[in-house]
Amino acid sequence: MNKIHVLSSNLVDQIAAGEVIERPASVVKELIDNSIDANATEIKININDGGKSFIQVNDNGDGMSKDDLTLSFQRHATSKINKHSDLENIKTMGFRGEALPSIASVSIVKIKSNIDVSSNGYEFNIKGGKESSLKPVVATKGTSISIRELFYNTPARKKFLKKNNTEYQQITKVVRTFLLSNPKISFKYKHNDKIIYDLPSQSLESRLTSIYGDTISQSLIKVYKSTKNISIKGYIGNLNLVKKRPSDQYLFVNDRYIKDRLISSSINKAYLNLIERGEFPFYVLNISLDPKTVDFNVHPTKKEIRFENEWKIYQYLKVAIEESLSTISNTIPNYNTIKSSPTFYNNNNLFSSINNSNEIEAKPINIDEILDTSIDSTEDQIKRNFDTMFNKEQESVFSATGEIWQIAKKYLFTEINDGLVIIDQHVAHERILYEEALDALEGDGLSSQTILFPETIKFLPDEYDSFLSILKYLEKIGFKVREFGKHTIIVEGLPSSIPLGSEDNLLKNILDEYITFKDNDVSFIHNIAATYACKGAIKAGDKLEKEEMSSLINQLFSTNNPYYCPHGRPIIVRMSEFELDKRFERK
Ligand code: ADP
Ligand code: MG
């Protein structure tokens, strides 16, 4: 009458599969790990339907013998470690002997392998970890494994898979980590028979340009620092590559992609003063350590690892990056004042955007500072000013007919019939563009201006996918684009209200914002319009001509809400004649 029994090995495998194989991207990761461990120099990845129906990885590595081929699907069967001390000196990607049995227990697997061209290879078929068969086949040296119908026998897990496209994007991200950790390996990656990446063996720098486009090379800063116990190699990006989401941050330890909060924070620390909270620098860095000082056996997927000297690595990495950054930061006169660096994704050199003052963002207006200079103005008074300022009935008096002055290339100052107003030019324009874009998105669309020297923009494949899903909205705002090669577009037209030359930034920023927030509740249309407006608007620092100023003010007052920008910052500060009289103690 025992209640306890030992689980069947197949069920154990399925349970273990839950840890190692979460989704198609985990399968791809495990299979590429195996190809790398087999010393492959060429790896081909084919997937269909986001990997749900088909995943295939081919390599030209060492291959497996007939006996190894069947053994490799047994639990805890590995060629990579033998004794306990091996566990403390891991030099391979795998070592737990879990991946193949886990995968096989939840899918239909066919694997062909050959250790030597002059001999026969073998094909092994295994379904759900149980029914299997082995036969000799003609095969080239290396291994080819295909996985069909992932989770076919575990419907609960299958249900948790996302849309094909989402799974495809996850796989693409995984593949990209390998492209960057192993530039010497040539990779070919296809989804539904479409080539996504086809890259030869190359240097890391060439690989970066193959992935991100030629122009990235001007924005890369080399990192190289090395001692007996540790070395740091790779590239960091200059400020042009800073992003609002942590998408292009690759940290490898001994060529293994990892995530580590503390170590990544040391990179951010090194960028201190150059970036702000919520900004993410670009980096592709490999830390090489004596494997004896790292524990890779913390997590089933080995994404998290433990270091013996985490703080030392933290310090060393920080210094390495500071040194690399300083090679160029010497050229800026006032390093410490660079607080609010713009986050444009263009191809100028590191600090050009800072010297170029017209890209510095406007600071929010401190209303107290303006109203409360010489006399003590109570809270009530400020409130009253606001009340009059935002009294809808007064709107009609705002019309820019008289003189307008531009102050600090940031504020417009003009007289109205009942006093004066100060307008923040950036947020004012932002409000105008925002409402224009919203109207266009919900209505007939805006006209565009043709670009004489069209620019091409190269996207990452997964980004490109997202780009296509917002394309019809962008076209409504007035962008005209054409496909121009792989994951590359050419921008032929811009919304008429946007200054020429900003298309690259603008599109990338809108896309970034969309990718970051697409899963949130925020209105998607509002989001596109707001980003378009914020990034497309004239900046603090832009010198405006007379006509531009008056047109700006007139357009502002024909918007639905001239008082606040889409992000909630005030646009107008007003002082009434009454207020002025009081300040000058005129009774
Ligand atoms: P691990 O990688 O942790 O050893 P796996 O289950 O991933 O465990 O693989 C089991 C074994 O199968 C490996 O140790 C290796 O000997 C062999 N193997 C798996 N994939 C390949 C491959 N692509 N080429 C050569 N051998 C492989
Ligand atoms: Mg493995």
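Each ligand, and each atom within it, is numbered from 1 in the order the structure gives.
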Output yes if Thr78 passes the N/O/S-under-2.8 Å test against the Mg ion (ligand 2); output no otherwise. no
Relative to the heavy atoms of Phe95, which atoms of ligand 1 are at a distance of less than 4.0 Å? 1 (P), 3 (O)
To check your reading of the model: name the closest protein heavy atom to atom 19 (C) of ligand 1, its residue, and the distance in Å. Asn34 ND2, 3.5 Å
Could you tell me if any non-hydrogen atom of Gly61 lies under 4.0 Å from any atom of ligand 1? no
Please list the nearest protein heavy atom to atom 22 (C) of ligand 1 with its residue and the distance rounded to 0.1 Å. Thr143 OG1, 3.7 Å
Contact partition for Ser79 relative to ligand 1, non-hydrogen atoms under 4.0 Å: both
Judging by distance only, is a nitrogen or oxygen of Pro101 under 3.5 angstrom from one on ligand 1? no
May I have the step-by-step check of salt bridge (charged side-chain N to carboxylate O under 4.0 Å, His left out) for Glu304 and Lys259, ending in yes or no? CA-CA 6 Å; Glu304 284 162 35; Lys259 287 201 185 282; over 6 Å; no
Side chain, backbone, both or neither: which applies to Leu100 and ligand 1 if a contact is any heavy-atom pair less than 4.0 Å apart? both
Any donor-acceptor pair under 3.5 Å linking the side chain of Thr488 with the backbone of Lys486? yes
Would you check, one step at a time, whether the test side-chain contact (heavy atoms from CB on, under 4.5 Å) holds for Asn238 with Gln218? CA-CA 9 Å; Asn238 71 26; Gln218 305 152 35; over 6 Å; no
Check whether any side-chain N or O of Thr531 sits under 3.5 Å from a backbone N or O of Asn527 as a donor-acceptor pair, and report yes or no. yes
Determine whether any heavy atom of Asp59 lies closer than 4.0 Å to an atom of ligand 1. yes
With heavy atoms of Thr78 as the reference, note each atom of ligand 1 found under 4.0 Å away. 1 (P), 4 (O), 14 (O)
For atom 25 (C) of ligand 1, which protein heavy atom lies nearest, and how many Å away is it? Ala38 CB, 3.5 Å
Let me see the working for Glu279 and Lys243 under salt bridge (charged side-chain N to carboxylate O under 4.0 Å, His left out), right down to the final yes or no. CA-CA 6 Å; Glu279 293 187 331; Lys243 279 197 165 186; over 6 Å; no
Enumerated ligand 1 atoms positioned under 4.0 Å from heavy atoms of Ser72: 10 (C), 11 (C), 12 (O)
Strictly distance-based, threshold 3.5 Å: is any side-chain N or O of Ser107 a donor or acceptor partner for the main-chain N or O of Glu149? no
Pairing of Asp13 and Arg75 as salt bridge, 4.0 angstrom limit: yes
Is the shortest N/O to N/O distance between Ala99 and ligand 1 below 3.5 Å? yes
Mind checking whether His191 and Tyr168 have parallel, tilted or perpendicular rings, split at 30° and 60°? parallel
Please report whether the ring centroid of Phe187 lies less than 6.0 Å from that of Phe178. no
Hey, is ligand 1 close enough to Gly94 that some N/O pair sits below 3.5 Å? no
Does Lys80 reach ligand 1, in the sense of a heavy atom lying below 4.0 Å from it? yes
Out of Met93, Arg96, Met64, the nearest non-hydrogen contact to atom 17 (C) of ligand 1 is supplied by Met64
Can you classify the ring geometry of Tyr189 versus Tyr197 as parallel (below 30°), tilted (30 to 60°) or perpendicular (above 60°)? parallel
Counting each atom of ligand 1 from 1 as listed, which ones have a heavy atom of Ala77 under 4.0 Å away? 10 (C)
Under 4.0 Å from any heavy atom of Gly97, which atoms of ligand 1 are there? 1 (P), 3 (O), 4 (O), 6 (O), 8 (O)
Is the side chain of Ser206 donor-acceptor paired with the backbone N or O of Gln202 at a distance under 3.5 Å, no angle test? no
